[in-house]
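What follows is a set of notes on a single structure, which appears directly below.
These numbers come from a predicted model, not from an experiment.
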Amino acid sequence: MAQVTFINNPVTLVGQEVVVGEKAPNFTVLANDLSPVTLQDSAGKVRLISVVPSLDTGVCSTQTNKFNQAAASLGDDVVILTISADLPFAQKRWCGANAADAIQTLSDHRDFSFAEAFGVGMKELRLLARSVFVVDKNDVVTYAEYVSEGTNHPDYDKALEAVKEATK
C-alpha cells in the first residue's frame, strides 16, 4: 500500500491501491448536478483522473487549473476527471470562479466509492489523497502516482506524457 503523509503526518489510506497494467476498478461519484457518474460513463476514452483533497486549497486549485489548461492540447479522445470529497455545490462554485470548463469535477463525498476503489481515502481526514491516474480506452491503468506528501504537487509532465502515450 502507498505510504502517504498530509502536512507531514502519516495517514491511513483505505481501499485497494491500483497497479499499472491492471483493469481500473469502477466507482460511482456525483457530478455537480448530483447525478451519478461512473468510470464506465467515459468508456472508450482515455481518462486522466486528477485526485485532490480539496479544490479550495492552493495546491489543489493549481493542480486542477493546470490540467484544465492542458485539456485543449489533449484532443477529443481524452476526458479529465477531477475527484475530491468536496461537496458538488462547492465544486461547481470553484469551477465558475476559475473558468474550469474543460474538466469534469466529481464528488466522492457521499459514498467514498472512488476512495475505496483506488485506495486514496485518508481515513483520519475523510479526504482523498493527492494522486493522478491514467486509464486507457480499454479501462487499463497505464499510470498511477500516489503523491507521498499531500501538500506537494504531482508530476504534471509525467502524467500528461502518460495521457499522450495512451492516445497513440
Revision key, fill the gap. From the list His109, Gln91, Arg130, side-chain contact (heavy atoms from CB on, under 4.5 Å) with Ser84 holds only for Gln91
Exercise for review: Take Leu34 and Phe89 through the side-chain contact (heavy atoms from CB on, under 4.5 Å) test and state the conclusion after the steps.
Suggested key: CA-CA 9 Å; Leu34 302 179; Phe89 316 109; 4.1 Å; yes
Study note, to complete from the structure: Taken to the nearest 0.5 Å, the spacing of Lys66 NZ from Ile103 CD1 works out to 14.0 Å
Practice item. Could you state whether Leu160 and Ile80 fall into the same hydrophobic cluster, counting links through intermediate Ile, Leu, Val, Met, Phe, Trp or Tyr residues with side-chain heavy atoms under 4.5 angstrom apart? Key: yes
Review point. How long is the span from the CZ atom in Arg110 to the CG atom in Leu87, to the nearest 0.5 Å?
Key: 12.0 Å
Check your understanding: Do Val134 and Phe118 belong to the same hydrophobic cluster, where Ile, Leu, Val, Met, Phe, Trp and Tyr are linked whenever their side-chain heavy atoms lie under 4.5 Å apart, directly or via other members?
Key -> no
Check your understanding: Counting only N and O atoms by type, is there a donor-acceptor contact under 3.5 Å from the side chain of Ser131 to the main-chain atoms of Ala129?
Key -> yes
Exercise for review: Inspect the contact between Arg47 and Asp139 and indicate whether a charged nitrogen and a carboxylate oxygen are less than 4.0 angstrom apart.
Suggested key: yes
Practice item. Taking Ser73 for its side chain and Ala70 for its backbone only, find out whether a donor-acceptor pair lies under 3.5 Å. Key: yes
Review point. Checking side-chain contact (heavy atoms from CB on, under 4.5 Å) for the pair Trp94/Thr82: CA distance, chi angles, key distance, verdict?
Key: CA-CA 12 Å; Trp94 185 92; Thr82 296; over 6 Å; no
Revision key, fill the gap. Tightest non-hydrogen contact, residues Ala144 and Val20, listed as N-CG2, 3.8 Å
Exercise for review: List the atom of Ala162, the atom of Tyr143, and the distance in Å for their closest heavy-atom pair.
Suggested key: CB-CB, 3.5 Å
Practice item. Determine yes or no for a side-chain-to-main-chain donor-acceptor pair under 3.5 angstrom, with Asn65 supplying the side chain and Thr62 the backbone. Key: no
Exercise for review: Say whether, by atom type as modelled, one donor and one acceptor occur between the side chain of Asp136 and the main chain of Ala166 under 3.5 angstrom.
Suggested key: no
**Study point:** Interatomic distance, Cys60 atom SG to His153 atom NE2 [nearest 0.5 angstrom]
**Key:** 9.5 Å
Check your understanding: For Asp111 and Ser113, does a side-chain donor sit closer than 3.5 Å to a side-chain acceptor?
Key -> no
Point to revise | Validation row: Ile83, Phe133 side chains within 4.5 angstrom (heavy atoms) | key: no
Check your understanding: Are Leu81 and Leu55 co-members of a hydrophobic cluster defined by side-chain heavy atoms under 4.5 Å apart?
Key -> no
**Study point:** Any donor-acceptor pair under 3.5 Å from Glu145 side chain to Val147 backbone
**Key:** no
**Study point:** Sub-4.5 Å side-chain heavy-atom contact between Val141 and Val19
**Key:** no
Exercise for review: Using atom types as modelled and distance alone, determine if a side-chain donor or acceptor of Glu124 lies under 3.5 Å from a backbone N or O of Thr12.
Suggested key: yes
Check your understanding: Out of Val132, Val51, Thr57, which one pairs with Gln63 under the side-chain contact (heavy atoms from CB on, under 4.5 Å) rule?
Key -> Val132
Point to revise | Same cluster (ILVMFWY, side-chain, under 4.5 Å), Val37 and Leu30 | key: no
Exercise for review: Starting at NZ of Lys137, measure out to OG1 of Thr167 and round the result to the nearest 0.5 Å.
Suggested key: 7.0 Å
Study note, to complete from the structure: All heavy atoms of Pro25 vs all of Val18, minimum pair found to be CD-CG1, 3.7 Å
**Study point:** Interatomic spacing from OG in Ser42 to CD1 in Ile49 - rounded to 0.5 Å
**Key:** 7.5 Å
Point to revise | Backbone of Ser148 reached by a side-chain donor or acceptor of Gln3 within 3.5 Å | key: no
Review point. What is the minimum heavy-atom distance between Asn68 and Ala99, and which atoms define it?
Key: ND2-O, 3.6 Å
Review point. Do Val52 and Met122 belong together in a cluster built from hydrophobic side chains that touch within less than 4.5 Å?
Key: no
Point to revise | Polar side-chain atom of Thr38 near backbone of Thr28 as donor-acceptor pair, under 3.5 Å | key: no
Review point. Checking Glu149 side chain against Ile7 main chain: does a donor-acceptor pair fall under 3.5 Å?
Key: yes
Exercise for review: Report the distance from atom CZ of Phe114 to atom CG of Leu128, rounding to the nearest 0.5 Å.
Suggested key: 7.0 Å
**Study point:** Test of ring centre spacing under 6.0 Å for Phe27 and Phe112
**Key:** no
Review point. Shortest non-hydrogen contact from Asp56 to Arg93?
Key: OD2-NH2, 2.7 Å
Exercise for review: Please assess Leu74 against Lys164 for the test side-chain contact (heavy atoms from CB on, under 4.5 Å), listing each intermediate value before the final yes or no.
Suggested key: CA-CA 7 Å; Leu74 298 177; Lys164 292 173 184 170; 4.2 Å; yes
Check your understanding: If every non-hydrogen atom of Lys45 is compared with every non-hydrogen atom of Val78, which pair is closest and at what distance?
Key -> CD-N, 4.5 Å
Check your understanding: Stepwise, does the side-chain contact (heavy atoms from CB on, under 4.5 Å) test hold for Asn98 with Thr64?
Key -> CA-CA 10 Å; Asn98 288 274; Thr64 305; over 6 Å; no
